Enquirer: 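This is the structure, below, for whatever I ask next.
We name chains A, B, ... by the order of the sequence lines, and we start the count at 1 in each one. Please read these numbers as outputs of a predicted model, since none were measured by experiment.
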Amino acid sequence: MTIPEIFNILQEKFPEAELVLEENNPDPIIRAKCEAIADISLLLRDDPDFSFDSLMCLSGVETVEEFQTVYHLYSMLHNHKVTLRAGGTKEEELIVPTVSHIWPTADWHERESFDLFGIKYTDHPDPRRILLPDDWVGYPLRKDYEPQKTWHKIPLTAIDYKEEDNGDES
Amino acid sequence: MGLIEGRFEPNIIVTSTDAIFNWARSRSIWPLTFGLACCAIEMMATNASRFDLDRFGIFPRPTPRQSDCLLISGTVTAKMGERLVTLYEQMSEPRYVISMGSCANSGGPYCDHGYHVIKGVDQILPVDVYIPGCPPRPEALIDGFLKLRDLIMKETIAKPSA
Amino acid sequence: MSEIREIDIPVGATPQKISQMLENFEDVHGERMVVQMGPQHPATHGVLRVELETDGEMIMKATPHIGYLHRCFEKTCESMTWQQVVAYTDRLDYCSSANNNLGYVLACEKMFGIEVSERVQTIRVLVSELNRLASHFIAIGTYGLDIGAWTPFLYLIQEREHILDLFDRLCGGRLLLNYMRIGGLTHDLPDNWLKEVHEYLSYMEGKLDEVNSLLSYNKIFVERLANVAIISEDMCIKYGLTGPNLRGAGKKWDLRKNEPYCGYETYDFDIPVGDGEVGTIGDCWDRYIVRVKECEQSMRIIKQATERLEKMPGDDVLAAIPKSMTKVAPGEIYFRTEHPKGELGFYIVSNGKKFPWRLKCRAPSFSSLSVMSAVSPGLLIADMVALIGSIDIVLGEVDR
Ligand code: SF4
């Protein structure tokens, strides 16, 4: 099935979800309202015409205006792909329903995108940071992130040898 | 510090004991088997056939309590740095630290933007030998161990002359 | 007071079965104990920490903790030019750097619409298959090491050293090659290099049989691995396990065949799958043997690629490299390739500038590791080592 076909069927089934087809990309992307993502995903997995049984990738993205979560789905049965996108403005926290009950692999990917972007996933079974320590401050992949200078007294900055040398000379 | 170190004046007995101690220590450096990142693969290759570190008496041990040398082979992150200090503290004296690869020396390729990387393991541990390279070739690692040998040969158990 | 009770345990019962049978006897269960495995455990293939909740020897719950090697790959790439990122992809899965390079450069080429010549493609296939061999040799060798066989490791590292020598001649690096560029390669093949590859291939003839007789069909090895930690095909797909792990579960699935790139469709090779030869389909041994069989197939591809290259007229491998990449096409792409560990995907967002705006690496080991907490309940502690080794993870890629 091609992406516009999938889009048309989804639009019939979810008139509320504010679906948009972004066609300015090599592969078109279906954009949906955050709240509808879990329902759409469930349909995409369970409907025998779609049967998107594998979630290839789930990534957080920051654009100039908003935070987004992007889902790359693939069906091993029908050999077709689709990309979903959910986004929200930067003013408020982005809260997306989890899809980890639909594809268990999403569990860790969602934790990662929470860890690095601060995107929250409702009903996630284990909403902790995954890569960084639990008491880390800030979300590193955001463009305005300020790196921490120390963590638990461990210095995280490079020694500036130039300054030290100057100190010796004077 | 051990039981005998730093107790005696430097005299003929002490210096000849030194020679024996240093010979024994430098000929059987037991590093901790502890791989961190890409450099660990080169460390593994150095331990295995072809480069065969065993012929220098270098034999990896799996526990810090039995090892003399901490070989930091790879990128040290903040999360790992804490563990590394614990491991170092568990080792018994005399203990040495080799920093292998640019990452351990200075942060290497992750120096500028690695918010989670410690830029130079010498900021948290005392380092004896630095081995440059990304990754250092096995020959460089062997050279590092030989440098450590020379360092050990210069040790003494005598009181430091104040 | 101790009392003796009789339970019929059928021959060949798995630990899971036994634990189910013991469910009825509340009081035989001891106190739960939490065991920390790692991050400096020699059998965790790097700096993985697993928190095991055990009841005696049996694992009740396993929680992997990762991030001990989080090197900020994605953040770093946002400040590197498109070509510079290649060097960082090397360090993702450091056992198979050429395959990482390939995934990234192909993704970029597809996005910017760059066509490379057939010769460049063939060289890329050749180098990345050699690296696949090297990576599988490490996987097989260290797996033997984990299970307790030290000798096969030494033999396999020896065979791997020969590949590294080839790489050394090719580009100066043993481990991290940094040989591919968007649109081409850094330089052409050195003189006589293809002859050396041929020599290597004839040297390797029959070596894999040696591995099989030394390790694969060794009775102790088989007993340790057969019927242990079974991951079914369904579970693999759900948890995103790909590559040898998925094939070990019996699914004939290989991106080189199913979604060919780089001209893989023109090569003649098979996809080995696990068939439960010594136990159940999808157990540790199946995942292991798929890697051994894949080595054979890789050698077939290498042979074909060298033969093709020998016949092909030389051309400029730098010809298609863009002169300047300060202005590129905006857009986003998800592109995946078959990596020795599974499906390596790159999700790249470009805003038309000099640097990638966002680069996400979908690492195969990251997804593979997430299955651990689902499979491990009911395993013995010693089987945990077998499980970790059999899914073949590299922490550089898990943590990025
Ligand atoms: S120095 Fe280079 S090879 Fe060694 S750990 Fe760092 S990036 Fe990897």
Enquirer: In terms of side-chain geometry, is the basic nitrogen of Asp168(C) or Arg137(B) positioned less than 4.0 Å from the acidic oxygen of its partner?
Expert: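 Between Arg137(B) and Asp168(C) there is a salt bridge, with a charged N closer than 4.0 Å to a carboxylate O.
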
Enquirer: Pick from Pro109(B), Gly74(B), Gly114(B): which one has the most heavy-atom pairs with chain C under 4.5 Å?
Expert: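 If we count pairs closer than 4.5 Å to chain C, Pro109(B) comes out on top.
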
Enquirer: Side chain, backbone, both or neither: which part of Ala40(B) has a non-hydrogen atom closer than 4.5 Å to chain C?
Expert: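 Ala40(B) has no heavy atom closer than 4.5 Å to chain C.
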
Enquirer: How about residues 16-31 of chain B versus chain C: which residues have heavy atoms under 4.5 Å apart?
Expert: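 The list, in residue order, is empty: none.
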
Enquirer: Classify the angle between the aromatic ring planes of His162(C) and Tyr200(C) as parallel (below 30°), tilted (30 to 60°) or perpendicular (above 60°).
Expert: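 Judged by the thresholds at 30° and 60°, the geometry between His162(C) and Tyr200(C) is tilted.
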
Enquirer: Evaluate the criterion side-chain hydrogen bond (donor to acceptor under 3.5 Å, both in side chains) for residue pair Asp122(B) and Tyr130(B); output intermediate values, then yes/no.
Expert: CA-CA 10 Å; Asp122(B) 44 9; Tyr130(B) 296 86; 2.9 Å; yes

Enquirer: Looking at Glu397(C) and Lys341(C), is there a salt bridge between them, counting it only when a charged N and a carboxylate O are closer than 4.0 Å?
Expert: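 No, this pair does not count.
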
Enquirer: Does any backbone or side-chain atom of Leu87(B) lie under 4.5 Å from a heavy atom of chain C? Answer side chain, backbone, both or neither.
Expert: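 Contact with chain C involves the side chain of Leu87(B) alone.
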
Enquirer: How about Leu344(C) and Asn99(C): do any of their side-chain heavy atoms sit closer than 4.5 Å?
Expert: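 They are not in contact (no side-chain heavy atoms under 4.5 Å apart), so the answer is no.
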
Enquirer: Look up atom CD1 in Ile152(B) and atom CD in Glu155(B), then write down how far apart they are to the nearest 0.5 Å.
Expert: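 The CD atom of Glu155(B) is 7.0 Å from CD1 of Ile152(B), to the nearest 0.5 Å.
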
Enquirer: Going by atom types alone, do Glu129(C) and Ser298(C) pair a side-chain donor with an acceptor below 3.5 Å?
Expert: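 Yes - a donor-acceptor pair under 3.5 Å links their side chains.
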
Enquirer: Taking Lys147(B) first and then Asp143(B), would you say they form a salt bridge - that is, a charged N and a carboxylate O separated by under 4.0 Å?
Expert: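 A salt bridge is present here (some side-chain N lies under 4.0 Å from a carboxylate O).
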
Enquirer: With His136(C), which residues qualify under ring pair (Phe, Tyr, Trp, His ring centres under 6.0 Å), at least two apart?
Expert: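 With sequence neighbours excluded, His136(C) shows a ring pair (Phe, Tyr, Trp, His ring centres under 6.0 Å) to no residue whatsoever.
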
Enquirer: What residues of residues 88-98 of chain C sit under 4.5 Å from chain B when you count only heavy atoms?
Expert: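 Interface residues of residues 88-98 of chain C: Tyr88(C), Arg91(C), Tyr94(C), Cys95(C).
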
Enquirer: Quick check on the structure: residues of residues 65-77 of chain C within a heavy-atom distance below 4.5 Å of chain B, by number.
Expert: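 Within residues 65-77 of chain C, the residues that come under 4.5 Å of chain B (heavy atoms only) are Ile66(C), Gly67(C), Tyr68(C), Leu69(C), His70(C), Arg71(C), Cys72(C), Lys75(C), Thr76(C).
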
Enquirer: Taking the six-membered ring for Trp and the single ring otherwise, decide whether the centroids of His187(C) and Tyr179(C) are under 6.0 Å apart.
Expert: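 Here the rings of Tyr179(C) and His187(C) have centres that are less than 6.0 Å from each other.
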
Enquirer: Distance-only, no hydrogens or angles: does the Gln83(C) side chain make a donor-acceptor pair with backbone N or O of Ile182(C) under 3.5 Å?
Expert: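 Checked: pair present.
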
Enquirer: Return yes if some donor-acceptor pair links the side-chain N/O of Arg83(B) with the main-chain N/O of Met80(B) below 3.5 Å, else return no.
Expert: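 No, because the side chain of Arg83(B) does not come within donor-acceptor range (under 3.5 Å) of the backbone of Met80(B).
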
Enquirer: In the structure I gave you, are the side-chain heavy atoms of Cys111(B) and Ser106(B) within less than 4.5 Å of one another anywhere?
Expert: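 They are not in side-chain contact.
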
Enquirer: Heavy-atom cut-off 4.5 Å, strictly under: side chain, backbone, both or neither for Arg50(B) against chain C?
Expert: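 Contact with chain C involves both backbone and side-chain atoms of Arg50(B).
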
Enquirer: Indicate yes or no: at least one non-hydrogen side-chain atom of Asn131(C) is less than 4.5 angstrom from one of Pro340(C).
Expert: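 No, side chains not in contact.
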
Enquirer: Supply the atom-to-atom distance Ser135(C) OG to Leu130(C) CG, rounded to the nearest 0.5 angstrom.
Expert: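 Those atoms lie 12.5 Å apart.
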
Enquirer: In terms of heavy-atom pairs under 4.5 Å with chain C, which of Asn47(B), Ile41(B), Val117(B), Asp112(B) leads?
Expert: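 Top count of heavy-atom pairs under 4.5 Å with chain C: Ile41(B).
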
